[in-house]
Amino acid sequence: IASATLELPQLVGDGRFSRELAREFSVLETRMPALRERSGDIPALARGTIARLGFDADTKLSAELMAACLAYRWPENLAELERLLGRLATMTGTEPVQANDIRRYAPEMACEAPGVRSSGAADSHALEPAPLGRWALRTLDPEDDFAELEPSLAKALRHLGACFAEPIDLADLAAIGGTTPLRMSALFRTVVGVSFKRLLRQIRILAACERLVQQPAASITELAFQVGFGDLSYFERSFRSAIGESPRQFRRRRRVGEGSVLAPHLSDSAKTTSGSVRVAAEAD
């Protein structure tokens, strides 16, 4: 079974997709309506998603949450519904998901739900989603205990911050958090918004940024190993992809004592407690 969100015949006509492969896919075809076109399915899909993640759907599905689900257009269809509902269920613990929770943890849904949307300027900060870079910066902050998170995820993030340079896999994090790898993966996907591997790479790149400024005489290879990259070419590719320049170019453009350095573009603005790294306000 294969699926596509683009029009394959058009791509074939433009020479951007294999004609032979498209023919193989066209034995039996059907069109799945977008989630916004079948809103009657949303209550059952929401209930099933929350139950599958191990929560009580009767408790979680408040009137405010259901109204927001029905008002939202779901541009990413079922994958987005599962991601946002998983985040909301996780961040609210055993309590029902209320309007304030939706404004804080799923602002894109709040914007389209009249009964949930906030018109006050005081809530503008709460409507900002937590970007990947801010999670990475929080993880590197030894004083952040992630008290608002589920304990198993908080333990995993604290471990990442303390041991990011060591080999780490999902099973290790699950054992540290006292949960299963599947559950830990779901927590990262729904709360942080990305896999733990992507967050770990972001953490290592931020750590490399600081070391490039603080250790001007160290070799690039040595710095790559210090932050957990076992392959120099992969480190340089990852660094260039995130920063927009090579580690050597980055270090040449900075001097020890500067107030801030440019961090990866995977996030919006954020700060560290040390003040040595600042994430630039660029689009993901």
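Just so you know, these numbers come straight off a predicted model, no measurement behind them.
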ask   = What's the verdict on side-chain contact (heavy atoms from CB on, under 4.5 Å) for Ile205 and Phe239, showing C-alpha distance, side-chain angles and the deciding distance?
value = CA-CA 6 Å; Ile205 290 173; Phe239 194 96; 4.3 Å; yes
message = Quick check: do Leu212 and Ile220 have side-chain heavy atoms less than 4.5 Å from each other?
response = yes
ask   = Do the side chain of Thr179 and the main chain of Ala174 share a donor and acceptor less than 3.5 angstrom apart?
value = no
Leu140 to Pro142 - nearest heavy-atom pair and separation = O-CD, 3.2 Å
ask   = Hey, are the side chains of Val227 and Arg211 touching, using non-hydrogen atoms and a 4.5 Å cut-off?
value = yes
ask   = For Val27, what are the other residues in its hydrophobic cluster, where any two members join if their side-chain heavy atoms are less than 4.5 angstrom apart?
value = Leu28
ask   = Do the side chain of Asp14 and the main chain of Arg16 share a donor and acceptor less than 3.5 angstrom apart?
value = no
request  = Please name all residues satisfying side-chain contact (heavy atoms from CB on, under 4.5 Å) with Val12, sequence neighbours left out, ordered by chain then number.
outcome  = Phe17, Arg19, Ala22
request  = Decide yes or no on side-chain contact (heavy atoms from CB on, under 4.5 Å) for Tyr105 and Val191, but give the supporting numbers first.
outcome  = CA-CA 9 Å; Tyr105 301 118; Val191 179; over 6 Å; no
remark   = side-chain hydrogen bond (donor to acceptor under 3.5 Å, both in side chains) filter on Ser246, not counting sequence neighbours, yields Gln249
key: Ser185 and Phe196: CA distance, side-chain angles, deciding distance, side-chain contact (heavy atoms from CB on, under 4.5 Å) verdict   = CA-CA 7 Å; Ser185 176; Phe196 97 91; over 6 Å; no
Pairing residues for Asp58 by the side-chain hydrogen bond (donor to acceptor under 3.5 Å, both in side chains) criterion, not counting sequence neighbours = Arg47
remark   = dist Leu53:CG -> Thr90:OG1 (nearest 0.5 Å) comes out at 6.5 Å
query = Is Glu95 paired with Lys60 through a side-chain N to carboxylate O contact shorter than 4.0 Å?
reply = no
ask   = With side chains defined as the heavy atoms from C-beta onward, is the minimum distance between Gln98 and Arg104 less than 4.5 Å?
value = no
request  = For Ser238 and Tyr234, indicate whether the former's side chain and the latter's backbone hold a donor-acceptor pair under 3.5 Å.
outcome  = yes
inquiry  = Is there a side-chain contact between Arg183 and Ser152 in this structure, where contact means two heavy atoms from C-beta onward sitting under 4.5 Å apart?
reply    = no
request  = Measure the CZ-OG1 distance between Arg83 and Thr190 for me, rounded to the nearest 0.5 Å.
outcome  = 10.5 Å
request  = For Glu222 and Gln215, test the side chains for any donor-to-acceptor distance below 3.5 angstrom and give the result as yes or no.
outcome  = no
query = Should Ser195 and Arg189 count as side-chain neighbours, where that means a heavy-atom distance under 4.5 Å?
reply = no
inquiry  = I'd like to check Phe235 versus Arg204 (side-chain heavy atoms, cut-off strictly below 4.5 Å). Are they in contact?
reply    = no
remark   = For Pro96 and Asp101, the nearest pair of non-hydrogen atoms, with its separation, is O-OD2, 3.6 Å
ask   = Among the clusters formed by ILVMFWY side chains lying less than 4.5 Å apart, do Leu187 and Ile176 turn up in the same one?
value = no
Residues Glu37 and Arg31 bridged, charged N to O under 4.0 Å = yes
key: Minimum-distance pair of heavy atoms, taken over all atoms of Leu61 and Leu65   = CD2-CD2, 3.8 Å
key: Considering all heavy atoms, the nearest Leu70-Pro43 contact   = CD2-CD, 4.3 Å
message = Is there a side-chain contact between Phe188 and Trp135 in this structure, where contact means two heavy atoms from C-beta onward sitting under 4.5 Å apart?
response = no
ask   = Looking at CG of Asp144 and CZ of Arg158, how far apart are the two atoms once the value is rounded to the nearest 0.5 Å?
value = 9.5 Å
ask   = Does the distance from a Lys or Arg side-chain N to an Asp or Glu carboxylate O, for Glu76 and Arg36, drop under 4.0 Å?
value = no
query = Do Cys69 and Trp74 have side-chain heavy atoms sitting under 4.5 Å apart?
reply = yes
task = Identify the two heavy atoms, one from Arg251 and one from Ala217, that lie closest to each other, and give their separation to 0.1 Å.
result = NH1-N, 4.5 Å
ask   = Under 6.0 Å between ring centres, would you say that holds for Phe225 and Phe229?
value = no
task = Apply ring-ring contact (aromatic ring centres under 6.0 Å, His included) to Phe55 and list each qualifying residue two or more places apart in sequence or on a separate chain.
result = none
message = Let me confirm one number: the CE-CD1 distance from Met91 to Ile102, rounded to the nearest 0.5 Å.
response = 14.0 Å
query = Among all residues two or more places apart in sequence or in another chain, which pass the salt bridge (charged side-chain N to carboxylate O under 4.0 Å, His left out) test with Asp41?
reply = Arg38
task = Rounded to the nearest 0.5 Å, what's the gap from CD1 on Ile1 to OG1 on Thr30? Could you check?
result = 11.0 Å
key: Spacing of CG belonging to Asn77 relative to CG belonging to Leu35, to within rounding of 0.5 Å   = 6.0 Å
request  = Please report the closest heavy-atom contact between Leu84 and Ala106, naming both atoms and the distance.
outcome  = CD2-CB, 4.5 Å
ask   = For Phe146 and Thr139, what are the C-alpha separation, side-chain angles and deciding distance, and is it a side-chain contact (heavy atoms from CB on, under 4.5 Å)?
value = CA-CA 9 Å; Phe146 298 98; Thr139 304; 3.9 Å; yes
